[in-house]
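To start, the structure itself, in structure tokens.
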Amino acid sequence: MADTKREIERKYESEDSGLPDLTGVGPVADVIDKGLVELDAVYYDTPDQRLTAASLTLRRRTGGADAGWHLKFPVAPGVRDEIRVPLSDTVPAEIAALVRSRVRNAELVPVVRLRSARDVRHLVDADGRLLAEASVDTVTADRLIGKGGGTQWTEIEVELADQADPAVLDRIDKHLRKAGVRPSTSPSKLARALERTGGARPGHGRGAKPVTAGDHVLAYVREQRERILEYDPAVRRDVPDSVHQMRVATRRMRGTFRTFDKVLDPAVTEPIAAELKWLAGGLGLDRDQEVLADRLTAALDSLPAALVSGPVRTRLAGWASVRHVSARGHLVAILDSARYLALLDTLDALLADPPLRKSAAGKPQKVLAKAVRKDLAKVSRLVTEALDLPPGEERDVAVHEARKKGKRARYAAEAAVPALGGSARSLAKSMKSLTKLLGEHQDSVMARHTLRELSAVAHAAGESAFTYGLLYGREEARAAATEAELPGLWQRISEAAAD
């Protein structure tokens, strides 16, 4: 069974002087010598080092209190989430799944062995509570692929204890710097081992500055591809908001293909867009259910107890739980499918050899602006059509269509910001306001549909349907309020776009 630990640490170069005395630094009241620990870790990656290129580290470590398989995801500088699984001879299935989007069908092989003699000290406060663990690590590294090679070094590591104030690390850092201790130039032991035994780490070079329209569009597509890969393991771990973020990335890429069809050949991108729609659909099952459950729960919580008739809360919780489990199982199956991995391979191939059209070589200010204006015109037409319809199902559908095109216009404007600057940024902001309002309307439509279903089930079970009807009426009022707000908002957006 996997455990997750948030690791917050600082690494420093170590001279012969070793670790300076940290007693009295900030809240550190005492430094307790915990002795020497021998650690032996073998790091795994693909032969072309895909995990390293994505700043991921996978190791099998023996020795110490946390022996096992460790997979580390970067969160922020000096902060990583470490997934821990008990020792086994081969890469555990739980770990393999979390790196599948990066590894695909490649083999995970040992790339580096690190043996560390760790001299450990516990930094505690006046009450004996652990604040941080400081260690001096003497490291021997051996490269296990290619031409091999070995290296040695000594470093200082200070890791924050669970529940401790991160400000402790700042106080320690200041003290160490005054003592002449320098921060490490490598983000991890693995990075240093690879640099010393086989050259620079892969995948960290900076791309050329976008010049043409094609450069800008491809940069945006590349960014969304990376976000899909980044959020894949978070979705598998059920990290909050990860499904939403991954779904947005698929929508942004799909919208980019359609908006900039004069830049990238639609004969190539349309089949990919269809696969992205399939992926977004799988992600949407879980995300839409999550949003809807939160909305209905909040609405129920806002009612006085006297207006809650029957086991409404229990029925709603049961519905949400069953839907989440079902949607999540379906989503994980999608992420494990050959079809999904083929989509990722196709995206890589597109970026490696992009199907550029003639306009791709054009000036971005002209080509991108024209495409963005075209999307805005579509939104204008759909909003006008929706406002001309009377309230009801037909208007609900029209509003939803306007919302979808508004999102595409927003994503197009975001992609154009590096080239067009403030005008594109303002349009993206306007489209965000529009789609937020229209999203509120669509959420109300879906909420009413669900309330009708729950009411029918409750009625069939002999329960009161009063509360469901009350919530339905409130959702109708919320939808009417958004429809009333839409004309004014759209007028302001249109006037701003015309300036």
Side-chain angles (χ1 to χ4, degrees), residues 5-20 37-61 63-64 66 70-83 99 102 109-121 132-160 166 169-170 172-177 179-206 230:
K5 183 181 185 301
R6 175 62 55 88
E7 180 184 81
I8 304 175
E9 64 181 15
R10 309 276 178 93
K11 293 180 179 293
Y12 301 88
E13 307 289 345
S14 176
E15 304 296 345
D16 293 337
S17 57
L19 181 69
V37 179
E38 298 289 341
L39 304 174
D40 191 342
V42 175
Y43 287 77
Y44 285 70
D45 204 340
T46 60
D48 56 356
Q49 297 179 38
R50 299 178 192 179
L51 299 185
T52 303
S55 299
L56 306 179
T57 58
L58 170 60
R59 72 187 179 199
R60 181 185 186 274
R61 188 164 81 180
D66 62 346
H70 303 159
L71 174 62
K72 298 188 180 187
F73 293 95
V75 176
V79 182
R80 294 184 291 183
D81 278 345
E82 183 176 274
I83 313 300
V99 297
R102 301 284 185 180
V109 298
V111 293
V112 168
R113 182 185 183 188
L114 295 179
R115 286 166 288 170
S116 303
R118 171 166 291 181
D119 188 4
V120 181
R121 294 168 178 82
E133 179 178 282
S135 64
V136 178
D137 293 353
T138 302
V139 184
T140 300
D142 294 297
R143 194 179 184 94
L144 304 178
I145 58 173
K147 296 181 180 180
T151 186
Q152 292 182 323
W153 71 88
T154 302
E155 67 180 36
I156 294 172
E157 187 175 291
V158 183
E159 181 175 348
L160 189 71
L169 294 185
D170 294 332
I172 294 171
D173 180 78
K174 184 177 181 180
H175 181 80
L176 291 176
R177 287 172 185 261
V181 178
R182 305 185 310 277
S184 176
T185 57
S186 297
S188 68
K189 289 182 175 66
L190 174 62
R192 177 174 291 194
L194 289 171
E195 289 163 1
R196 289 192 173 192
T197 62
R201 291 182 299 150
H204 290 272
R206 298 185 64 180
E230 176 187 346

Taking atom OG of Ser55 and atom NZ of Lys72, what is their separation to the nearest 0.5 Å? 13.0 Å
Checking Glu133 now: which residues fulfil side-chain hydrogen bond (donor to acceptor under 3.5 Å, both in side chains) with it, not counting sequence neighbours? His122
Can you name the closest pair of heavy atoms from Leu176 and Pro20 and give their distance? CD2-CD, 3.7 Å
Using residues 109-118 as the side-chain source, report each donor-acceptor pair under 3.5 Å to any protein atom, sequence neighbours left out, with the distance given to one decimal.
residue, atom, partner, partner atom, Å
Arg113, NE, Asp40, OD1, 3.0
Arg113, NE, Asp40, OD2, 3.4
Arg113, NH2, Asp40, OD2, 2.5
Arg115, NH2, Asp142, OD2, 2.6
Arg118, NE, Asp137, OD1, 3.0
Arg118, NE, Asp137, OD2, 3.2
Arg118, NH2, Asp137, OD2, 2.8

Would you call Gln49 and Ile145 a side-chain contact if the rule is heavy atoms closer than 4.5 Å? yes
Quick one: does any side-chain atom of Glu9 pair with a main-chain N or O of Arg80 as donor and acceptor, under 3.5 Å? no
Student check: side-chain heavy atoms of Val75 and Glu7 closer than 4.5 Å: no
Indicate yes or no for a side-chain donor-acceptor contact from Arg196 to the backbone of Gln152 under 3.5 Å, with no hydrogens or angles considered. yes
Show the nearest heavy-atom pair for residues Ser14 and Ile156, with the distance to one decimal. CB-CG1, 3.8 Å
Check Leu19 against Ala134 and note the closest heavy-atom contact, atom names and distance. CD2-CB, 3.9 Å
How close do Pro74 and Ala54 get, counting heavy atoms only, and between which atoms? CG-O, 4.4 Å
Looking at Lys11, Glu157, Arg192, Arg10, which hits side-chain hydrogen bond (donor to acceptor under 3.5 Å, both in side chains) with Ser184? Arg192
Within 6.0 angstrom of Lys5 NZ, more than 12 heavy atoms from elsewhere: yes
Taken to the nearest 0.5 Å, the spacing of Asp170 CG from His175 NE2 works out to 14.5 Å
Run the salt-bridge test on Arg177 and Asp173 with the 4.0 Å N-O cut-off and return the result as yes or no. yes
Considering only heavy atoms from C-beta outward, does the side chain of Arg6 approach that of Leu160 to under 4.5 Å? no
4.5 Å side-chain heavy-atom contact, Lys189 and Trp153: yes
Closest heavy-atom pair, Leu51 versus Tyr44, reported as atoms and distance to 0.1 Å, is CD1-O, 3.8 Å
Nearest 0.5 angstrom please: Tyr43 OH to Arg61 CZ, how far? 7.0 Å
Under 3.5 Å donor-acceptor, Asp45 side chain and Arg50 backbone: yes
